[in-house]
Amino acid sequence: MNIFLPSGDKLEIENGATAFDVANTISKGLAKNALAAEINGNLVDIYAPVGDNDKVRIITDKDTEALEILRHSTAHLMAQAVQRLFKNAKVTIGPVIKDGFYYDFDMGDDKFSPEDLEKIEKEMAKIASEALPCKRRVVSIDDAKKEFSHEKYKIELIEGIAEKGDKTVSLYDQGDFTDLCRGPHLDNTKRIKHYKLLSIAGAYWRGDENNKMLQRIYGTSWFKKEELDAYLNMLEEAKKRDHRKLGKQLKLFTIEDEVGAGFPIYLPRGGALRATLEEFERKEHLKRGYDIVYGPQILKQDLWKLSGHYDNYRENMYFTSIDDVAFGVKPMNCLSHMMVFKSEIRSYRDLPQRYFELGTVHRHEKSGVLHGLMRVRAFTQDDAHILCTPEQLNDEIIAIIDFVNYVMGIFGFEYEIEVSTRPEKYIGSLENWDKATEALFNALKAKGLPYEINEGDGAFYGPKIDIKLKDAIGRFWQCATIQADFNLPERFDLNYIGEDGQKHRPIMLHRVILGSVDRFIGVLTEHFAGNFPIWISPVQVRVINITDAQLDYCKELTAKLKAEGFRVDTDFRNEKIGFKIREAQMEKIPHMLIIGQNEADNKKVSVRLRSGETKNELDFSDYISVLRESDQNKTLNLWR
RNA sequence: GCUGGUGUAGCUCAAUCGGUAGAGCAACUGACUUGUAAUCAGUAGGUUGAGGGUUCAAGUCCUUUCACCAGCUCCA
């Protein structure tokens, strides 16, 4: 019979051959490295049979699929080790995730301890050295249920498969361990060599908080030792960039027990950074035709009932009362903005109306989710609401996407786009939801931007485009979001007078660019590892003298820089220059002006950059123009 | 909220079996006046997250609670 290779070449091979035979026919070397195969687009084991006219691709450790297969097999290896060591451990599921895998176990009343990870790793090494072949078996649903009669979670999974209409399931045997699994797998446990179990955590069965909490073990696995080491090293490096650690070191913010969990306090350095960011935002919004507005922190509960927040968002809100009238602390800024629109009769000529507010909101987040500045209970959004006509909707969405792109470009962020559709809890008509969702898709298509769809993850009042930024450890954080809303204008009975003299309903866009300013600062900190670009750096320049003899000149320079609006501080302590440089370096200050007698005599400045590079004996006017350029161009470079 | 772990000086961390709470850095004082990542000496700093209990004796054991860390669920 004949099979086809990825190159399109035809290969003649004996009837009944397996993918391994294909590899072996091509070359001995390939056969040695062959881990799995892709037959007609489906991933299969290396010993899977091939049929006439099949398209066959041999997978080796060079292919991306191979890592996933390795990790999946490592998860099985770990489950086997766990069941050898813990007789009452029930297996559930063990999928591959980014950079690794996990496996969930029901341990009954037992718990894993951190020391258990080492024991399990040792047992895994033992099983790997036993060189157990991993063999696939296909059995009927009934037989599978008999075989797993003692594993209730597997029974549940098998029943789920049966419900989908499948008559058989595949099982993988390796020695004394059998798992229900679609595969494919590596052919032998001895191929699993470079792995590490990373952490233990609880996880609900099937991700549902009403279900039992299982014990999860996370791990990673690689083909080469160097790859494993590099990955573990990367995790260490990422820890150093953690904004909570850097936030403390660089004195950006603090979260105190006495104040309350999830309520950050900005220290002067963090305050300087944040103020700069907010000033930048105000300017950019004014450039783009937004008006700045302000609303109160608490609004009457009745208004939250009208908006639907009371019915749909109450668990996340804080309430209080004033003279027996119920009020709610705002978790969102939209209500005030609705009232801004209603404050006048609007003509179609007035639209679009764009209201911008750096609005601080409070949300009751569950205690377990709080995380530095990334997840807090009080945060400030760079929030805006745009009210426009249906005809203007598409252009408005596109303008927001351009805005987001401009801002992310300044920081050099990578991001991913998701469209979140109607959730289970929603307000308004299906027709409006369809229109709103359509509008978002159209704008993304018009910009030719790639996106993923996140079913059922929209806000209760409308679908949204989410922009997610990547943090130091590769986690994604939602920052910008654009939400189309046909519902709130209806609930608040917003109208404008059209060309025809009749009342019409505007459409509302909710949108944020940075999202939460607080979260954005957290992401920024990790992104730059605390080495902020000059324009946003809390301290831009530190003036350092060599001896007291240069004090007057140093003070003169400092005053001039301050007068120009730069963030300058000084270190005139009676310490050696090396010591003062070291401190400035650890504080990640971009520019140090090192002023000795030479500089004072000749009225020059010498600059040491955060990179260690020096620019000696410059005219002050030249130096200040460098700073001005950095501020104006928002450059990521330390010099020009 | 749930599961597991961790809370010791401003920061980073010690303290063996339950037996006198300690170091480095920072702070403060003094000397040194210094040229590109740590000058030297001295002083002070604590109800061991908080409450309750066991014990002759608790940082250490038990218990309640708060916070933090990892993850789950949820989310900007």
Side-chain angles (χ1 to χ4, degrees), chain A residues 102 104 107 111-114 116 198-218 239 242 244-245 248-249 251 254-262 313 315-316 331-333 359 361 363-383 420 457 459 464 466-469 477-481 483 510 512-520 522-523 544-551 573-587 592-599 606-610 612-614 616:
Chain A
Y102 66 78
D104 286 348
M107 298 295 291
K111 312 282 180 206
F112 290 123
S113 71
D116 289 334
L198 298 170
S199 59
I200 307 162
Y204 301 106
W205 168 235
R206 303 205 142 172
D208 185 334
E209 65 182 323
N210 299 312
N211 286 343
K212 179 161 185 180
M213 176 73 75
L214 307 170
Q215 296 262 300
R216 174 174 295 180
I217 299 180
Y218 284 92
K239 270 190 201 161
D242 192 312
R244 292 165 300 186
K245 196 182 165 91
K248 193 176 269 183
Q249 261 171 35
K251 299 182 185 173
T254 177
I255 298 174
E256 301 292 338
D257 260 23
E258 298 96 307
V259 175
Y313 205 71
E315 318 79 71
N316 290 297
M332 298 185 194
N333 300 300
V361 296
R363 296 184 185 175
H364 178 231
E365 299 292 339
K366 290 178 179 178
S367 61
V369 307
L370 302 175
H371 183 93
L373 292 179
M374 305 290 207
R375 274 300 279 281
V376 291
R377 287 181 173 148
F379 58 101
T380 301
Q381 295 179 302
D382 58 336
D383 206 0
S420 296
D457 214 30
K464 54 182 186 170
D466 290 329
I467 283 108
K468 303 204 168 181
L469 301 186
W477 292 97
Q478 186 173 317
C479 290
T481 145
Q483 309 173 355
H510 311 240
V512 287
I513 305 294
L514 308 182
S516 147
V517 174
D518 307 72
R519 174 179 290 180
F520 193 79
V523 178
I544 304 175
N545 61 337
I546 305 268
T547 73
D548 291 348
Q550 301 91 42
L551 258 182
R573 288 175 304 172
N574 191 0
E575 296 287 353
K576 288 195 171 168
I577 189 69
F579 179 79
K580 296 204 260 191
I581 286 173
R582 179 185 146 82
E583 293 220 325
Q585 199 74 47
M586 290 195 303
E587 290 172 47
M592 296 168 227
L593 291 192
I594 311 290
I595 307 300
Q597 204 50 45
N598 287 338
E599 287 79 4
S606 289
V607 191
R608 183 191 160 102
L609 308 184
R610 185 168 55 201
E613 206 184 332
T614 52
N616 289 331

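Hydrogens, waters and symmetry mates are skipped; everything else that's a heavy atom, side chains included, is used.
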Of the nucleotides B:A38, B:A27, B:G1, which one has an atom closest to the side chain of A:R582? B:A38
Which whole-number value in Å describes the distance from A:M374 CE to B:C69 C1'? 15 Å
Once you apply a heavy-atom cut-off of 4.0 Å, does A:G578 come out as touching a base, just sugar-phosphate, or nothing? sugar-phosphate
Does B:C75 have its OP1 or OP2 closer than 4.0 Å to a side-chain nitrogen or oxygen of A:H364? no
For A:G372 and A:R363, take the nucleotide of RNA chain B holding the closest heavy atom to each; which residue's nucleotide lies nearer the 5' end? A:G372
Just N and O in the side chain of A:K464: are any of them under 4.0 Å from OP1 or OP2 of B:A76? yes
Is a donor on one side and an acceptor on the other found under 3.5 Å between the side chain of A:R363 and the backbone of A:P331? yes
Can you tell me how far OG1 of A:T547 sits from CD1 of A:I577, rounded to the nearest 0.5 angstrom? 10.0 Å
Please determine, for the side chain of A:A203, which listed nucleotide (B:C72, B:U3, B:U33) has the closest atom? B:C72
Heavy-atom donor-acceptor pair, A:E365 side-chain to B:A76 base, under 3.5 Å: yes
Whether A:R519 side chain and A:F379 backbone form a donor-acceptor pair below 3.5 Å: no
Would you confirm whether A:D457, through its side chain, and A:S420, through its main-chain N or O, come within 3.5 Å as a donor-acceptor pair? no
Say we look at B:U12 and B:C69: how far apart would their P atoms be, to the nearest angstrom? 13 Å
Secondary-structure notation, RNA chain B, from Watson-Crick and G-U pairs under 3.5 angstrom (| other strand): (((((((..((((.....[..)))).(((((.......))))).....(((((..]....))))))))))))....
Nearest whole angstrom, please: distance from the C1' of B:C40 to the CZ of A:R573. 16 Å
Looking across every strand, which nucleic acid part, if any, lies under 4.0 Å from A:D208 by heavy atom: base, sugar-phosphate, or nothing? nothing
Have a look at A:T481 and tell me which of A:Q381, A:K464, A:H510, A:K468 forms a side chain to side chain contact (heavy atoms under 4.5 Å, CB included) with it. A:K464
How long is the line joining CD of A:Q550 and P of B:G35, in whole Å? 11 Å
With a non-hydrogen cut-off below 4.0 angstrom, is A:L198 in contact with a base, only sugar-phosphate, or nothing? nothing
Closest listed nucleotide, where the reference is the side chain of A:I581 and the choices are B:A37, B:G35, B:U73: B:A37
Distance check needed: B:A31 P versus A:D548 CG, whole Å only. 13 Å
Under 4.0 Å, heavy atoms only, any strand: does A:Y204 hit a base, just the sugar-phosphate, or nothing? base
Would you classify A:Q585 as touching base, sugar-phosphate or nothing, given that sugar-phosphate means primed atoms plus P, OP1 and OP2, and contacts are heavy atoms under 4.0 Å? base
Taking B:U43 as the reference, what is the distance to B:G22 when you measure between their P atoms (whole Å, please)? 15 Å
Between atom OH in A:Y313 and atom C1' in B:C74, what is the gap in whole Å? 10 Å
Under 4.0 Å between any heavy atoms, over every strand shown, what does A:Q249 touch: base, sugar-phosphate, or nothing? Just pick one. nothing
Ignoring backbone atoms, establish whether A:R608 has a side-chain N or O less than 4.0 Å from OP1 or OP2 of B:A37. yes
Looking at A:K580 and A:I546, would you say the former's side chain and the latter's main chain have a donor-acceptor pair under 3.5 Å? no
Closest to the side chain of A:M213, out of B:G1, B:G35, B:C2, is B:C2
Taking 4.0 angstrom as the limit, do A:D242 and A:R244 come out as a salt bridge? yes
Rounded off to whole Å, could you give me the CD1-to-P distance for the A:I577 and B:A37 pair? 9 Å
A:Q597 near the nucleic acid: base, sugar-phosphate alone, or nothing, with a heavy-atom cut-off under 4.0 Å? base
In terms of the nearest nucleotide of RNA chain B, which residue is placed more toward the 5' end: A:L370 or A:K468? A:L370
When you measure from the side-chain N and O atoms of A:S367 to the phosphate of B:G1, is any distance below 4.0 Å, counting only OP1 and OP2? yes
Distance check, P atoms only: B:A26 and B:U63, in whole angstrom units. 42 Å
Using a 4.0 Å heavy-atom cut-off, does A:Y218 contact any base of the nucleic acid, only the sugar-phosphate backbone, or nothing at all? sugar-phosphate
Which is true for A:G207 with a 4.0 Å heavy-atom rule: it touches a base, it touches only sugar-phosphate, or it touches nothing? sugar-phosphate
Taking A:R216 for its side chain and A:A201 for its backbone only, find out whether a donor-acceptor pair lies under 3.5 Å. no
More than 12 heavy atoms of other residues, nucleotides or ligands under 6.0 Å from NZ of A:K212: is that the case? yes
Roughly how many Å is it from CD in A:E575 to C1' in B:A31, rounded to a whole number? 12 Å
What's the gap between B:G49 and B:C11 when it is taken at their P atoms, as a whole Å value? 13 Å
When the P atoms of B:U16 and B:G59 are considered, how many whole Å apart are they? 12 Å
Assign A:R216 to base, sugar-phosphate, or nothing according to its heavy-atom contacts below 4.0 angstrom with the strands shown. sugar-phosphate
Just to be sure I understand the rule, does A:D257 reach a base, reach only the sugar-phosphate, or reach nothing, if contact means heavy atoms closer than 4.0 Å? sugar-phosphate
What is the glycosidic conformation of B:C17: syn, defined as within 90° of 0, or anti? syn
Length of the CD-P vector between A:E256 and B:C68, whole Å: 11 Å
When we call it a touch if two heavy atoms are under 4.0 Å apart, what does A:V512 touch: a base, just sugar-phosphate, or nothing? nothing
Are the side chains of A:E365 and A:V376 in contact, using a 4.5 Å heavy-atom criterion? no
Check for me: is A:F379 stacked on B:A76 by the 5.5 Å centroid and 30° plane-angle rule? yes
Nucleotide of B:A67, B:G71, B:C69 approaching A:R244 most closely (side-chain heavy atoms): B:C69
Expressed as a whole number of Å, how far does the C1' atom of B:A21 sit from that of B:A9? 11 Å
Could you give the distance separating B:G5 and B:G10 at their C1' atoms, to the nearest angstrom? 26 Å
At 4.0 Å (heavy atoms only), tell me whether A:N545 reaches a base, stays on the sugar-phosphate, or touches nothing. nothing
Select one nucleotide: of B:C74, B:C69, B:C68, the one nearest the side-chain heavy atoms of A:R375. B:C74
Using a heavy-atom cut-off of under 4.0 Å over every strand shown, decide if A:E599 touches base, sugar-phosphate, or nothing. base
Rounding to the closest angstrom, what is the interatomic distance between B:C25 and B:U20 at atom C1'? 26 Å
A:K366 has a side chain; which of B:C11, B:A76, B:G1 sits nearest to it? B:G1
Among A:Q597, A:R573, A:Q550, A:E599, find the one that has a side chain to side chain contact (heavy atoms under 4.5 Å, CB included) with A:N545. A:Q550
Per atom distances to the A:M586 side chain, the nearest of B:C74, B:A37, B:G71 is B:A37
Look at the side chain of A:S516 and the backbone N and O of A:D518, then say whether any donor-acceptor pair between them is shorter than 3.5 Å. yes
